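First comes the structure, then the notes that go with it.
The basis for the numbers below is simple: all heavy atoms, side chains too, and nothing from hydrogens, waters or symmetry mates. The structure presented is a predicted model; accordingly, all values stated were derived computationally and were not measured. We name chains A, B, ... by the order of the sequence lines, and we start the count at 1 in each one.
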2 protein chains.
Amino acid sequence: MAKHRKVANPLALAVLAGLLREPMHPYELGRRLLESGKNRHIRYNRGSLYMVVEQLRKAGFVTERETVRDTQRPERTVYAITDEGRAELRDWMRESVALPRAEYPQLGVALSLLGALEPAEAAGLLDHRSEALATEADEVRAHVEDAVDHGVAWVLLAEEEYRLTLLDAERRFVARLAKSLRHPDHVSVSQELLRPVPERTRQGPDRADRAG
Amino acid sequence: MAKHRKVANPLALAVLAGLLREPMHPYELGRRLLESGKNRHIRYNRGSLYMVVEQLRKAGFVTERETVRDTQRPERTVYAITDEGRAELRDWMRESVALPRAEYPQLGVALSLLGALEPAEAAGLLDHRSEALATEADEVRAHVEDAVDHGVAWVLLAEEEYRLTLLDAERRFVARLAKSLRHPDHVSVSQELLRPVPERTRQGPDRADRAG
DNA sequence: CTCGATATAGTCGATCCTGACTAATCGGCT
DNA sequence: AGCCGATTAGTCAGGATCGACTATATCGAG
């Protein structure tokens, strides 16, 4: 299933999507990425950008359209997406949306080695994380609210809402885990996670639990 | 805050934790990682393992203890953790647990470029993902239940429960998003995510400076 | 006893990624 | 006119990563 794409870096997906709108030079692509704040969802840095564009060119997904030098600044090479590029973009997008693939969130690593810490200390650290997550979530929320107020269609904010979902879920989990670590008798987080999901169409249990 | 660790690969955290229990040769570390299924939470492959061990040695976090050749198989070099290594492990664990750091889940990328797909098609793809996520979650659940039945302490399953939490959250989000894409009039996922903000223990910097 | 399959243990090169660097130009200030 | 800092545009060396490779040992089937 896992296709070996000729260019695997997710940044390439953004490049193809960008060039779908209109031909551009790499720096401009990067500028728009930063401007639109998409860099919070795609790992971006300049070097990778130029590399990825070059890779896409070699793979035939984009072509060098022209090299202009209107001012006396360094030349800007403008790239355009090809038909193969369009095909790749569609295929890749479909795959990214439809198929989840292995990810390695950093907390997973830490939790899997949690034994190396005293339960009491771990609980304290988890509290700290919980606070930090709440703060981050507040920021995203503010950002989304602001955008909505300015008339941005909600569909365009899907990625922010996704981020929010994950942040909230992690915060709740972390808070519960901290609590459990303090009362090892009360049996676990599992109880909550294992019971209440018999049916898969069941809609969300919206409860905001925040223990003192 | 974001420390430049001498060895940054998360695999190194697992290596240190492994050597904390007892001195070992790299291959054995790898074997245990696979055996205990921790490789689902830590990106593992052989080459990286040996590299990481070598890096840790150079950094003084582990030392070469002995090189044995009991059978006629290739030599096995046994490593032991040093005091510096122990310190690094504790510090690193504390940081990983307490401080969330930027992550780039693949779906975030896709969502931020969702405009490149027809809403109807996107909805279908999201349904597909939702199914896949449910299946994955079922597998993890089965695994956890099994472990619990075999008397494994729940604390040792924190990472599985975390995974479960994320899978469930994503599945719910994805399902709702698909629904919204089919009824663009019904206003969005936001409604649900923005309202139920539990008032947090006031202390964070509540600022939303984003004048437009 | 021999063949193939699997497990053990480690190495290597090609590719990829990143942060730091160059280098010119523009805008503003004095 | 001269200078400072920000912006524009791109390059590059040094690491990090991954898959593929080597080579021996053990085990089971025939």
Side-chain angles (χ1 to χ4, degrees), chain A residues 2-15 18 23-35 39 42-59 61-62 64-79 101-104 106 109, chain B residues 2-15 18 23-35 39 42-59 62 64-79 101-104 109:
Chain A
K3 266 211 204 102
H4 314 10
R5 308 228 164 252
K6 299 227 69 174
V7 188
N9 190 329
L11 186 54
L13 196 58
V15 167
M24 251 178 285
H25 54 106
Y27 189 86
E28 172 70 8
L29 280 162
R31 210 185 50 71
R32 294 194 186 186
L33 233 76
L34 290 177
E35 197 185 42
N39 58 325
I42 301 180
R43 189 184 302 269
Y44 166 72
N45 66 46
R46 199 90 48 78
S48 306
L49 177 60
Y50 285 93
M51 146 137 30
V52 150
V53 168
E54 178 56 16
Q55 284 169 189
L56 288 171
R57 195 192 56 73
K58 275 188 197 148
F61 296 141
V62 306
E64 196 167 318
R65 157 135 332 168
E66 55 181 338
T67 299
V68 289
R69 160 171 291 202
D70 41 9
T71 68
Q72 213 52 23
R73 293 209 221 86
E75 327 185 304
R76 301 166 309 164
T77 305
V78 173
Y79 294 86
R101 46 191 303 135
E103 290 192 285
Y104 303 85
Q106 89 282 48
V109 182
Chain B
K3 272 217 199 99
H4 323 5
R5 307 228 166 254
K6 300 226 69 175
V7 188
N9 190 329
L11 187 53
L13 198 57
V15 167
M24 251 178 284
H25 54 106
Y27 189 87
E28 172 71 6
L29 280 162
R31 212 185 49 71
R32 294 195 187 187
L33 234 76
L34 290 178
E35 196 186 42
N39 58 323
I42 301 178
R43 190 184 302 271
Y44 166 73
N45 64 46
R46 201 87 51 78
S48 307
L49 176 61
Y50 284 92
M51 147 132 34
V52 149
V53 168
E54 177 56 16
Q55 284 170 188
L56 288 171
R57 195 192 56 73
K58 276 189 196 147
V62 306
E64 196 168 318
R65 159 135 331 169
E66 54 181 340
T67 299
V68 288
R69 159 171 291 202
D70 40 9
T71 68
Q72 213 53 24
R73 295 209 218 85
E75 329 185 305
R76 302 166 308 163
T77 304
V78 172
Y79 294 85
R101 45 191 305 132
E103 290 191 286
Y104 303 85
V109 182

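- To the nearest angstrom, P of C:dA9 lies 12 Å from CG of B:Leu29.
- B:Tyr104 has its OH atom 14 Å from the C1' atom of C:dC17, to the nearest Å.
- Distance A:His4 NE2 to D:dC18 P: 14 Å, rounded to the nearest Å.
- A salt bridge links B:Glu54 to B:Arg57: one of the charged nitrogens lies within less than 4.0 Å of a carboxylate oxygen.
- One atom, CG of A:Leu56, and another, P of C:dC17, lie 11 Å apart when rounded to the nearest Å.
- Distances were taken from every side-chain heavy atom of B:Arg46 (C-beta onward) to each of C:dT18, D:dA9, C:dT11; the shortest belongs to C:dT11.
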Open item on the list: side-chain contact (heavy atoms from CB on, under 4.5 Å), that's the test. Do B:Tyr44 and B:Leu49 meet it? Break it down for me.
Closed with: CA-CA 7 Å; B:Tyr44 166 73; B:Leu49 176 61; 3.9 Å; yes
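- Both B:Ser48 and B:Glu28 sit near DNA chain C, but only B:Glu28 has its closest nucleotide nearer the 5' end.
- Between A:Tyr50 atom OH and D:dG10 atom C1' there is a gap of 5 Å when expressed in whole angstrom units.
- Atom-to-atom, OH of B:Tyr44 to P of C:dG10 comes out at 11 Å; the value is rounded to the nearest Å.
- The nucleotide whose nearest atom lies closest to any side-chain atom of A:His25 is, among D:dA9, C:dC17, C:dT11, D:dA9.
- As a whole-Å value, the separation of B:Leu34 CG from C:dT8 P is 10 Å.
- Remark: the backbone N or O of A:Gln106 is paired with a side-chain donor or acceptor of B:Glu103 at under 3.5 angstrom.
- Going from atom CE of A:Met51 over to atom C1' of D:dA16 covers 12 Å, rounded to whole Å.
- To the nearest 0.5 Å, atom CG of residue A:Asn45 and atom CG of residue A:Leu33 are 11.5 Å apart.
- A salt bridge links A:Arg31 and A:Glu28; the closest N-O separation between the charged side-chain nitrogens and carboxylate oxygens is under 4.0 Å.
- Among D:dC18, C:dG10, D:dT8, the nucleotide with an atom closest to any side-chain atom of A:Tyr27 is D:dT8.
- Taking side-chain N and O atoms only, A:Asn9 has a distance below 4.0 Å to OP1 or OP2 of C:dC17.
- Scanning atom types as modelled, no donor and acceptor separated by under 3.5 angstrom connect the side chain of A:Arg76 and the base of D:dG10.
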